[in-house]
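The structure appears right after this line, and notes come after that.
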Amino acid sequence: MEVELRNITKRFGDLVANDEVSLTIQPGKILGLLGENGAGKTTMMNVLYGLYSADGGEIFVDGKPASFASPKDAIAAGIGMVHQHFMLVPVFTVAENVVLGVEPTGALDRLDLKRAREQVRDIGAEYGLEVDPDALIEDIPVGLQQRVEIIKTLFRSAEIVIFDEPTAVLTPQEVKEFFQIVRSLRDAGKGIVFITHKLGEIIELTDHVKVLRGGRVVGEGDPKIMSQVELAELMVGRPVDLVVDKVAANPGKAILEVSGLKVLGEGGDVAVDNVDFDVRAGEIVGIAGVQGNGQTELIEAITGLRSVADGSISFEGEDITHHSPRQVHALRIAHIPEDRQRSGIISDFSIAENMALDSYYEDRYGRGVTLSWPQINAQSAKDVFEFDVRTPTIFNAASTLSGGNQQKLVAARELSREIKLIIASQPTRGIDVGSIEYIHQRIVAARDAGVGALIVSTELDEIMALSDRILVMYRGRIVKEFAGGGSDVTEIGMAMAGVAQ
Amino acid sequence: MSAGQTSKVIDKARERHSLVVGVILIVLAVFTAWVFGYGTVGDATFRLAMRGDSFKVGDLVVPAAPYAYVVAAILAYFGARLMMRSGSRRANLILGIGLILFITAFLTWATADHSFSLTGMLKSTIIRALPIAFGGLTGVLCERVAVINIGIEGMLLAGAFSGVVFGSLFGGWAGLAGAAMTGGLLGLILAVLTVTYRMDQIIAGVVINIFVLGLTSYLTSQVLAKEAFRHLNDAPVFRAIDIPYLSDFPIIGPLFFQHNLFVYAAFAMVAIATYYLFHTRTGLRARAVGEHPRAADTLGINVFRIRYIQVTVAGMVAGFGGAWFTLGSVGRFDENMTSGRGFIGLAAMIFGRWHPVGALAAALVFGFADSVQQKMALLQTPIPSEFLAMAPYVATIIVVAGLVGRARPPAADGKPYVKE
Ligand SMILES: Nc1ncnc2c1ncn2[C@@H]1O[C@H](COP(=O)(O)OP(=O)(O)OP(=O)(O)O)[C@@H](O)[C@H]1O
Ligand SMILES: [Mg+2]
């Protein structure tokens, strides 16, 4: 099945998210969509999937004009989408999620779960997508959840499958498996759309790439003959430095000291187990590890969001083990949380309000019980400009920002004030290369000015690029330490998988 | 993180839980021995047979003081065991059994030197649980599609009122239909307010309650009280129907099979709702809408339609249940005659963990407390019966606060769905 989008235009108020964009999805081919944050990639795909109605343009399926008023129509036409944020019901089983909407039934509307299970197994066997149909979604890792999403589209006999930043949440191992799956889908004759910010993935996986900027197509080509640098330049519109420029660190004395730390996870299990380390001023310490090995709990414990079961944390000699987040914040510790939507922003608040969210009580933002809006707005405008948050005004709700721009908003708030320590989880998740460059530069510049930094990332590249020292976390413990530059990637990867023990 | 260490931490939580339960049991044991045992004289006589039984069963005669001591001993034994060999997996089960024993000891003490009909009390438990069960079921249906329904009370009241008016005019069945329609209409209004206009769901429900209370009170005192309209407040009552054969069994017969239509309907509706929610295609979709409406939407499920239909049907259940107050009981309407049963229905929904059967069970617990309280007032025990009336709500607060395990509402509960 071939789908053509011709001159699609989509506006949100005054903002033109897609401006006469055309593209063709061919069977048996993988189309890569590349573009800065807010370029309009997700919007475009939502139009195709019937979630948004276009303000102009046409859709053709196999040469015939088609219109999708709702996802139902798009699904019926053979279009499937794996969303940026998964669309799974956590308390349902895999089988229930897969069949939802097209359930096999018996008499009296009875749900035929036995058949559903078989169908899930059949698809799994056909495409090499094994999952236990009876597992609850909330109990399985993201990699498997994504599999369920793929099975969902196949179950609806999708001929076109759209992946919106599918690799952002996957571990390197899972990415490999995922690529295998996508290739087998392509070989089965499906048309694939693949959205990503990772240039290497575009080159490795796609057959054709389209680059969007500011809602328009600004370039396309064969990724096999393009380099990452070329792609990056096409995307951002200026040359981009893909490697972080930095001189050797000049660490001072330890500012953050963690010793014998033990933290419990959600279910009362030991998530962080007897962890010792320190971060010195003027040094970037990276924590590498596969997601779910205690990094989240570790960061939450340091920033006061989770209580500590045992051990101690101190900052500049002051014991902060049981400090509240506000107290931690007041010590000039910046925190970029792992999940921006859950703990980084309040999506119904405006951008300016979000900018003042952490320091509204400080003197610079008001006196006594009153807020000084001119001050807040001025500071927000400055930060938004500096960090290149793409938005018409600072008064728009944070929820209207694209995923990557929300992340930039959080980074801007945290890094723009005077700080002594940066604690960042996945600081560049979902951000385009241009902005990654900027945020990395800011972190390095802060380091050079004597700020300490603790960076958690499942992105090994990011850890390698930034860190002066690398700690590998596995099952709640720090299992190995590496020097920053020139360490062996495979060795780190093995430590992450727990092999080195 | 070694496996041993993980289980140690879990053990710690369980240990504390066992300890708490153990202490509770010991306290109950001391209380039982001291209050129910010490100084109590006489036998408690529980009558099991009902008037009209085809064969009579004898009375259950229990010596009050010895029984209390036996119960106290059992409670103390389990309490001590839990405290010493802490970490038991069965702490909650033991607590449940302990509480039941405690209640029997209490009843025996209260009945010492008297006699009362145990079967009768249990039967009235079911009847008193009825409106609460209807209310709870309504709540379950609404919240499973993520609409919080505070207006259950108003829907019950409206059902009671329109039931009596339609019933007086056109007979019992028409009364039932009218009640269900009125409830359905209120459900539809709630859906319009909350689903389409995304009004705050709590406020929308409160508005419905106040509106119905005001309107029915006005109509009762200003219209139905007038001589010319008095006949509108005089409906036929649905009589008890004995189920052939089954109703002849001693104890069980009178308890379950000699009721009027409303009791059978309540049990049937709970069964149907359970089947619908957990075993049908539509039920699966409805639950998906309550948990993750956006996911449902992206799969082509019409979130708004499902919410509209289910909230309206839930309203009909409440209207039907409300008709019990008039058509199933006294045949006439009094101002605010539901007196908060709808709110207790909400509590039953939470207590029952958003499951129809759970809500019914919780309603029975509340009904039991209610009927015990009634009996206590007659037996003139030194404990003010108002305290007993409080018991189920204290239990609800404890359950909701999570002592006995976390109850988890549907994830999208109370949130309006906005399509982009
Ligand atoms: N519901 C909405 N209301 C208003 N503006 C919106 C809405 N959704 C998206 N936008 C705006 O449209 C533009 C395109 O957003 P879109 O989400 O398509 O970007 P994207 O290319 O997917 O970016 P990212 O890589 O960051 O996910 C952005 O400027 C965004 O702020
Ligand atoms: Mg996007």
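Below, read A as the first sequence line, B as the second, and so on, with proteins coming before strands; counting in each chain starts at 1.
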Contacting region of A:A107 [heavy-atom separation from chain B under 4.5 Å] = backbone
Near A:R11 CZ, under 6.0 Å, is it more than 12 heavy atoms from other residues, nucleotides or ligands?
-> no
pair A:M81-B:T298: side-chain heavy atoms closer than 4.5 Å | no
B:M199 atom CE, over 12 foreign heavy atoms within 6.0 Å | yes
Winner by heavy-atom pair count (cut-off under 4.5 Å) against chain A, out of B:D297, B:T282, B:T280 | B:T280
A:T105, A:I75, A:L100, A:V91: which one forms the most heavy-atom pairs within less than 4.5 Å of chain B?
-> A:L100
Heavy-atom closest pair (B:G300 atom, A:K72 atom, distance to 0.1 Å) is O-CD, 3.5 Å
Is it the side chain or the backbone of B:I301 that comes within 4.5 Å of chain A heavy atoms, both, or neither?
-> side chain
Comparing B:R287, B:H279, B:R281 against chain A, the one with the most heavy-atom pairs below 4.5 Å turns out to be B:R281
A:F92 and B:H292, any side-chain heavy atoms less than 4.5 Å apart = no
Decide, yes or no, whether a salt bridge links A:E138 with B:R408 under the criterion of side-chain N to carboxylate O below 4.0 Å.
-> yes
Spell out, as yes or no, whether a donor-acceptor pair under 3.5 Å connects the side chain of B:R285 to the backbone of A:G101.
-> yes
Below 4.5 Å from any heavy atom of chain B, which atoms of A:Y49 appear? Answer side chain, backbone, both or neither.
-> side chain
Given a strict heavy-atom distance threshold of 4.5 Å, which part of A:L113 is in contact with chain B: side chain, backbone, both, or neither?
-> neither
Chain A contact via B:Y276 - which portion, at a heavy-atom distance below 4.5 Å | neither
